[in-house]
**Student:** 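Take this structure first; my questions come after.
Counting starts at 1 for both ligands and their atoms, in listed order. Hydrogens, waters and symmetry mates are skipped; everything else that's a heavy atom, side chains included, is used. Every value quoted in this text rests on a predicted model; they were computed, and no experiment measured them.
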Amino acid sequence: MASKEVEFSFSSPPLSSTRWWCRDTVAVVTGANKGIGFALVKRFAELGLTVVLTARDVERGNKAAESLREQGLPNVHFSPLDVSKPASIQTFVSWLDTTFGGLDILVNNAAVSFNEIDENSVEYAETVIKTNFYGAKLLTESLLPLFRFSTSISRILNISSRLGSMNKVRDLNIKATLQNERLSEEQIEEVVNLFLQSVKNGTWQSEGWPEIWTDYSVSKLALNAYSRVLAKRFQGSRLSINCFCPGFTQTSMTRGQGTHTPDEAAEL
Ligand code: NDP
């Protein structure tokens, strides 16, 4: 496994040189019934980890897990998980605790965008923020007590996007807030609320937010910022937190467009 694009990396050992995982290493991947999440589950399972494929739709998730088991990967397990629903997160966390007693790797992959490639509507901004930012955050916070902080180093990988890079923000105050070394989780949520308010006011286009897929970009901007804050919180511990941009990948989100397949994106 070699890193394709890691935006933040804190004390992770090189992924390619040493085999730091084993069959007892438990990896959870969200939104994994298709696309990059599915490819990541497959890759982890091929490498010999125990993988929990999660999906918001039971039928689609079961089918996806079954298809991998049929391909000779018995170490793939399915559990329902809708990251936008706190009750679903709670149920999942209990299930994981009872079934595996903990986890080593969490991949926050589930996300939505409602725009065609060349569109920029913010009609579904609340859902986008709720799923892509708050979903990943709430799941992470709920799973933190279950991390084993194993010697092989527990990891959280947040699947993000270049669209959420700081250089996409044109408002200097927002940029300064997010770049502040002492950035807090509350401040990130304030920025997100500011954006949702500007959507409600109809002023979002003139306020220096990212210009492409604005709601999605803000959700990833917030996810990146949260990852930084979290990484700082766990600095010096055995938990590493990284963001990864898979690049322009051929999935439902891009309506099949892209420069490479999900399997290629998952060749971390
Ligand atoms: P897909 O649309 O193919 O897959 C998204 C997955 O997320 C689906 O399984 C979907 O489930 C799931 N999902 C959506 N909402 C929820 C929810 N509330 N709870 C649980 N699961 C949910 O997209 P990609 O594979 O392309 O995206 C994967 C990740 O990669 C995302 O984080 C995306 O932002 C990121 N990314 C993608 C790029 C690309 O070019 N494709 C570029 C940069 C980043 P369902 O099938 O039920 O809708």
**Student:** Would you check ligand 1 and list the protein residues that come within less than 4.0 Å of it by any heavy atom, ordered by chain and number?
**Tutor:** Gly31, Asn33, Lys34, Gly35, Ile36, Arg56, Arg60, Leu81, Asp82, Val83, Ser84, Asn109, Ala110, Ala111, Val112, Thr131, Ile159, Ser160, Ser161, Tyr216, Lys220, Pro246, Gly247, Phe248, Thr249, Thr251, Ser252, Met253, Thr254
**Student:** Measuring from Glu207:CD to Phe195:CZ, what's the distance to the nearest 0.5 Å?
**Tutor:** 9.5 Å
**Student:** Could you tell me whether the side chain of Trp20 reaches within less than 4.5 Å of the side chain of Arg155, counting heavy atoms only?
**Tutor:** yes
**Student:** Does some side-chain heavy atom of Val26 sit less than 4.5 Å from a side-chain heavy atom of Leu49?
**Tutor:** no
**Student:** Could you verify whether a donor N or O on one side chain and an acceptor N or O on the other, from Asn108 and Thr140, lie under 3.5 Å apart?
**Tutor:** yes
**Student:** When you look at Leu223 and Asn132, which way does the side-chain contact (heavy atoms from CB on, under 4.5 Å) test go after all the steps?
**Tutor:** CA-CA 8 Å; Leu223 182 62; Asn132 304 3; over 6 Å; no
**Student:** Can Lys200 and Glu126 be counted as an ion pair, charged N to O under 4.0 angstrom?
**Tutor:** yes
